[in-house]
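Quick note: numbers below take in every heavy atom, side chains included, and nothing from hydrogens, waters or symmetry partners. Chain letters run A, B, ... following the sequence lines, proteins first and then strands; every chain starts at 1.
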Amino acid sequence: MAGDPHDMPFFDEDDAPRFDSARAPAPQSGPSGIAARAMAARQGHNNPPDYLKGLNPEQRQAVETTEGPVLVLAGAGTGKTRVLTTRIAHILSQGLAFPSQILAVTFTNKAAREMKQRVGILVGEAVEGMPWLGTFHSIGVKLLRRHAELAGLRSDFTILDTDDVIRLIKQLIQAEGLDDKRWAPRTFAQMIDGWKNKGLGPDEIPEGDARAFANGRGRELYRAYQDRLTTLNACDFGDLLLHPIRIFRQHHDVLAEYHRKFKYILVDEYQDTNTAQYMWLRLLAQRPKQPSSPRSRGEDAGRQMRGGANVSEASSRPSPGPADHPLPVNGERERNLVNICCVGDDDQSIYGWRGAEVDNILRFEKDFPGATVIRLERNYRSTAHILGAAAHLIAHNEGRLGKTLFTDRPDPEDPKVNVHAAWDSDEEARAVGETIEAYQRDRHKLNDMAILVRASFQMRSFEDRFIEIGLNYRVIGGPRFYERQEIRDAMAFFRVVAQGADDLAFERIVNVPKRGLGDATIRQIHDTARALRVPMLEAAGKLAESDELKPKPRAALREVAANFARWQSLLDTTPHTELAETILEESGYTDMWKNDRSADAPGRLENLKELIRSMEEYESLRAFLEHVALVMDAEQNEGLDAVSIMTLHSAKGLEFETVFLPGWEEGLFPHQRALDEGGRSGLEEERRLAYVGLTRAKKNLHLWFVSNRRIHGLWQSTIPSRFLDELPEAHVEVQEGGGSNYGGYGNPYGGGAFASGRGGFSAGRQNPYGASRFDSLGSPSGGFAGRGDQKGGAAGQERGQGGAFSNSYATPGWARAQQNRTEATSRNWGTRSGHQVERIGYGEVDSGYGAGRTSVKGRTIEGELVAKSVADQPSAFKVGDRVFHQKFGNGNISAIDGNKLTIDFDRAGQKKVLDGFVTAV
DNA sequence: CCCGTCATCATGGCT
DNA sequence: TGATGACGGG
């Protein structure tokens with residue numbers, strides 16, 4: 001960090017072109033060789049530069065409107081990232097600013113990486129000069145490291161993750177003499193997080209909130225927590241935003257430096273900003289106002305404090321906010337609008353539950369008067385059917401800015417959105433698997449397909465099924481690399497070495513591996529540290545030299561202290577990867593796992609190796625630790641062709657040719673808890689989530705609902721999601737079969753099978769929204785209002801929300817479904833046709849696998865779950881054997897991995913199947 | 001300190 | 001149902 005040339009002086013580029021001389025030719029000398037090169041890419045005055053070619057008029061406007069506040073409402077698949085990156089390229093190549101004068105913030109590291117990469121493609125290495133492109137938090141750290149002392153910290157403060165925070169809070173709660181069962185540390189950590197999301201410090205939280213925890217001692221506890229962080233020279237994630245906000249408010253000179261520095265501000269995913277982020281942006285974006293407009297001052301202050309029970313702080317100071325502070329204004333009539341460009345989509349705001357305020361984007365024009373609002377509605381991703389379905393669904397929300405996506409490439413051949421019904425989640429998984437295989441047979445790549453679920457527990461049935469049929473899949477967003485125990489332990493060792501004062505890390509590993517240091521000893525170290533006002537590591541060293549301890553712990557402690565002293569002495573002389581290895585070896589940590597008999601020990605050792613390997617990219621141990629604190633994700637291996645399984649939340653921003661959306665049932669989607677806690681706005685957020693799901697698909701979209709789902713171990717009958725009823729008939733095709741229905745491909749299980757008398761969806765249950773047209777789907781009569789046999793009799797019962805459809809509450813199908821309910825519950829496979837026998841066969845094999853499936857955990861590889869052989873026994877087959885498979889016919893074995901065979905089928909192509917499914921020919 | 005037993009509690013998961 | 005965490009006996 002220290003060597004970073006962008007890090008030191010603030011005003012090193014003050015000669016840079018100003019935005020008010022925007023159209024002036026680039027300075028002779030050019031900002032740098034790199035930027036100059038970027039400029040050289042610019043063409044003559046009349047021809048648009050290359051990078052503008054291929055933009056549609058709206059996109060181009062969004063790129064070229066560089067001055068003043070701009071809100072780009074970018075619908076799904078409208079080229080949002082392209083606009084952002086091109087805009088940066090445009091600013092650079094027009095010489096409007098140096099790379100270091102652009103502040104570009106994203107939410108996730110992934111988004112930041114992508115933006116950096118794509119800007120790099122446009123402007124070359126100039127992107128390397130963009131030190132202020134990053135996440136809110138990474139930029140926050142950068143700011144805070146520079147001004148740490150203004151927040152009572154040293155610049156080498158550590159960043160605590162959630163785990164550290166919870167442990168710390170637990171200590172505090174216990175120190176207060178409170179019961180940590182009644183007052184769960186986790187809950188309080190969440191409360192603090194919530195307050196920090198709103199920009200509230202201990203003195204600013206609402207009285208009610210303060211009282212709600214720990215017998216009314218919430219505020220004290222919060223304050224104690226902050227004090228403790230300061231003592232530890234540490235901060236949590238929220239502080240990475242809050243401290244800079246405080247600093248900006250209290251040190252106008254500092255803020256003014258950044259005002260002068262940042263000529264352009266760009267914000268990605270603006271709809272996801274929380275109040276703290278909003279304040280942070282406002283502070284940076286809002287230039288001092290002319291003293292001549294006192295009224296707008298007041299208004300502005302009000303807005304500044306919005307969200308705000310933090311009036312106390314505001315009123316306790318002479319000036320309500322730095323935005324109003326009469327700073328020198330470069331001697332010119334400075335506009336008070338900065339060149340801020342926020343890009344977002346109110347319809348994709350799905351993070352309200354963690355503090356995002358959709359309101360920020362809805363109020364943009366009020367916050368930034370005179371803002372240009374540009375709508376990107378031309379969608380390059382999805383078919384007209386998908387867009388039509390999504391548009392109709394999202395139109396049920398109120399309080400939108402309003403956008404309608406359209407495509408100018410409608411194709412009559414495009415498939416409609418498919419809605420399928422299944423009996424239960426197993427059948428759903430089976431049928432989705434069938435459909436995937438059908439697509440695969442049609443030469444669709446698994447990489448182009450994704451299953452997007454509402455809740456992660458839904459993943460299980462798909463994983464189970466895909467393992468059974470040997471279908472490759474990967475789970476995105478599973479347990480994260482840096483959150484694993486072994487990684488966190490190793491990191492704790494490193495942290496103590498790099499920063500001896502890191503008590504939380506020290507505590508984590510004093511007794512790892514076990515060396516007989518129990519609670520009592522640790523408490524003693526704690527007390528000594530407190531008494532002497534030194535870090536625990538130091539206290540431990542002192543204690544080991546004293547007679548305070550019994551011989552055993554004393555010796556152990558002495559060794560620990562000596563170890564750390566030795567490692568710390570190596571810090572500057574030994575390459576950090578080597579040192580890391582030494583630490584893990586000498587501490588006995590690797591041995592601990594080597595001696596561990598449990599099944600996951602080898603994997604953990606593997607992870608540790610991976611950890612060391614990943615350190616190589618970083619200059620120093622310290623740089624690496626910082627990276628990990630901020631970037632908790634690790635890359636996934638993309639090489640394998642596999643279906644992606646992930647939650648709807650983690651799918652935002654992605655796209656797939658073919659998308660499966662299972663679990664569209666009331667209670668699951670929309671999720672009951674979202675409804676309970678969020679009421680109407682909760683429902684609207686769920687609907688936006690549905691919208692996000694639909695708009696991930698480029699071409700093929702399959703929605704599923706089941707009539708029975710096991711929730712917390714209990715089978716519950718469910719009713720179709722109201723969202724299904726909010727889809728427009730014109731774009732939807734209902735697949736009555738329940739099994740796979742993929743044009744042209746026979747469903748091996750027989751499409752009609754599902755409908756054979758087992759259609760009793762919610763029949764026995766009152767649907768609070770009135771009956772759904774899907775209620776009777778799957779019944780023998782196939783009664784679906786949207787399929788030509790309109791239920792005229794029910795036409796009068798339009799629903800308030802999804803009222804575009806008649807319901808089928810009184811249909812024969814519904815009645816029959818009701819009748820069949822009991823029978824259906826018994827799950828009578830025997831009624832199935834010949835094809836179903838095959839499935840029974842599967843079932844038998846399934847149970848056969850039950851025993852062998854114990855090592856199922858073994859499929860976790862670097863955060864990626866991969867369908868993998870689960871049996872230890874080698875297959876009875878050998879490569880080259882000719883075999884027969886019920887479904888795929890004859891083929892030759894091309895590879896064997898345990899009992900998983902890769903077979904080149906004569907007709908069906910290459911498949912991976914388990915050996916139980918084939919017979920030798 | 002280790003390990004078995006019991007109770008609890010189940011969205012989303014970024015930084 | 002099943003995973004996780006706290007507790008108490010060995």
Side-chain angles (χ1 to χ4, degrees), chain A residues 105-112 134-141 159-163 165-166 170 179-181 184-187 190 193 196-197 235-242 268-269 272-274 276-277 280 349-356 425 452-461 476-480 482-483 485 511-521 552-553 556 598 626-633 646-653 663 667-678 682 685-686 688-690 692-693 709-716 856-857:
Chain A
V105 275
T106 65
F107 274 84
T108 62
N109 292 295
K110 197 176 153 214
T135 62
F136 277 101
H137 290 84
S138 69
I139 290 169
V141 178
I159 302 161
L160 305 185
D161 66 20
T162 324
D163 229 63
V165 168
I166 288 171
K170 186 170 178 182
D179 179 5
D180 66 357
K181 306 263 152 35
R186 182 174 298 272
T187 311
Q190 282 162 2
D193 204 49
K196 289 189 173 178
N197 285 157
C235 46
D236 62 20
F237 279 113
D239 287 339
L240 298 179
L241 287 169
L242 274 194
D268 191 17
E269 306 279 18
D272 286 339
T273 49
N274 61 35
Q277 286 155 339
W280 188 91
S349 163
I350 55 174
Y351 285 111
W353 53 276
R354 63 181 193 211
S425 50
L452 312 181
V453 299
R454 172 67 248 262
S456 52
F457 74 83
Q458 292 174 263
M459 292 179 180
R460 233 199 94 177
S461 52
I476 313 272
R480 304 166 84 214
Y482 291 111
E483 281 167 11
Q485 186 196 338
N511 198 32
V512 175
K514 304 271 182 237
R515 18 173 105 82
L517 297 169
D519 285 351
T521 319
K552 255 188 256 164
S598 63
E626 172 120 338
H627 165 80
V628 174
L630 288 174
V631 185
M632 292 289 286
D633 61 353
M646 69 188 93
T647 63
L648 285 161
H649 281 93
S650 47
K652 192 168 74 148
L668 178 59
F669 195 29
H671 199 283
Q672 193 54 49
R673 224 165 123 176
L675 267 34
D676 293 346
E677 289 169 13
E685 184 156 308
E686 293 288 289
R688 291 192 292 266
L689 196 52
V692 167
R709 194 172 285 280
R710 197 164 46 187
I711 296 168
H712 308 331
L714 293 172
W715 282 100
Q716 314 228 282
V856 110
K857 289 273 181 243

Rounded to whole Å, the CZ-P distance (A:Arg710 to C:dT1) equals 8 Å
Contacts of A:Glu677 meeting side chain to side chain donor-acceptor pair (under 3.5 Å) (sequence neighbours excluded), chain-then-number -> A:Arg673
Residue set satisfying salt bridge (charged side-chain N to carboxylate O under 4.0 Å, His left out) with A:Asp179, at least two apart, ordered chain then number -> none
With sequence neighbours left out, the residues meeting salt bridge (charged side-chain N to carboxylate O under 4.0 Å, His left out) with A:Asp236 are A:Lys196
Mind checking if A:Glu686 touches a base, just sugar-phosphate, or nothing, with heavy atoms under 4.0 Å? base
In DNA chain B, consecutive runs of at least three Watson-Crick or G-U pairs below 3.5 Å, as range with range, amount to B:1-10 with C:1-10
note: A:Leu241, atom CG; B:dT15, atom C1'; distance rounded to Å ~ 9 Å
Hey, are the side chains of A:Tyr482 and A:Asp161 touching, using non-hydrogen atoms and a 4.5 Å cut-off? no
Those residues at least two apart in sequence (or on a different chain) that pass side chain to side chain donor-acceptor pair (under 3.5 Å) with A:Gln458 are none
For A:His671, the side chain to side chain donor-acceptor pair (under 3.5 Å) test, sequence neighbours excluded, returns none
Requested in this report: Select base, sugar-phosphate, or nothing to describe what A:Asn274 touches, counting heavy atoms under 4.0 Å on all strands.
Outcome: nothing
* Hey, does A:Leu160 reach any base, or is it just sugar-phosphate, or nothing, if we go heavy atoms under 4.0 Å? -> nothing
Checking B:dT15, B:dC14, B:dG12 against the side chain of A:His649 (C-beta onward), the nearest is B:dG12
Which of B:dC1, B:dT11, B:dT15 is nearest the side chain of A:Arg454? It is B:dT11
Winner on side-chain proximity to A:His137, out of C:dT1, B:dG12, B:dT15, is B:dT15
Heavy atoms of A:Pro670 and A:Leu675 approach each other most closely as CB-CD1, 3.7 Å
Expected rows: protein N/O vs nucleotides 4-7 of chain C N/O, under 3.5 Å:
from  : atom 1 : to       : atom 2 : distance (Å)
C:dC7 : OP1    : A:Lys181 : NZ     : 2.7

A:His649 meets the ring pair (Phe, Tyr, Trp, His ring centres under 6.0 Å) criterion, sequence neighbours left out, with A:Tyr351, A:Trp353
Between CD of A:Glu269 and C1' of B:dT15 the distance, given in whole Å, is 14 Å
Heavy atoms of A:Ala455 and A:Leu668 approach each other most closely as CB-CD1, 4.2 Å
(message) For a quick test of reading the model: is some side-chain N or O of A:Ser650 closer than 4.0 Å to OP1 or OP2 of B:dG12?
(response) no
Between CG of A:Asp676 and P of B:dT11 the distance, given in whole Å, is 13 Å
Between CD1 of A:Ile711 and P of C:dT1 the distance, given in whole Å, is 15 Å
Out of C:dG2, B:dT15, B:dG12, minimum distance to the side chain of A:Arg460 belongs to C:dG2
Polar side-chain atom of A:Asp180 near backbone of A:Pro185 as donor-acceptor pair, under 3.5 Å
no
Of the candidates C:dT1, B:dT11, B:dC14, the side chain of A:Arg354 sits closest to B:dC14
Rounded to whole Å, the CZ-C1' distance (A:Arg688 to B:dT11) equals 16 Å
Using atom names, set out every protein N or O paired with an N or O of nucleotides 2-10 of chain B below 3.5 Å, distance rounded to 0.1 Å.
from   : atom 1 : to       : atom 2 : distance (Å)
B:dA10 : O5'    : A:Arg673 : NH1    : 3.4

| Touch check for A:Phe237, heavy atoms < 4.0 angstrom, all strands: base, sugar-phosphate only, or nothing? | base
A:Thr106 meets the side chain to side chain contact (heavy atoms under 4.5 Å, CB included) criterion, sequence neighbours left out, with A:Ala111, A:Ala112, A:Met115, A:Thr135, A:Asp268
A:Phe457 atom CZ is separated from C:dT1 atom P, nearest whole Å, by 16 Å
Item to complete: Describe the nucleic acid contact of A:Ala674 in one word from base, sugar-phosphate, nothing, applying a heavy-atom distance below 4.0 Å.
Response: base
With a 4.0 Å cut-off on heavy atoms, is A:Asn109 in touch with a base, just the backbone sugar-phosphate, or nothing at all? sugar-phosphate
When A:Arg515 and A:Trp353 are each assigned the nearest nucleotide of DNA chain B, the 5'-most assignment goes to A:Arg515
Contacts of A:Ser456 meeting side chain to side chain donor-acceptor pair (under 3.5 Å) (sequence neighbours excluded), chain-then-number -> none
Here the distance between atom P of B:dT15 and atom CZ of A:Phe136, to the nearest Å, is 13 Å
Residues at least two apart in sequence or cross-chain that pass salt bridge (charged side-chain N to carboxylate O under 4.0 Å, His left out) with A:Arg709, listed by chain then number, are A:Glu428, A:Glu665
| request: May I ask you to verify if any side-chain N or O of A:Asn197 is less than 4.0 angstrom from the OP1 or OP2 atom of B:dT15? | output: no
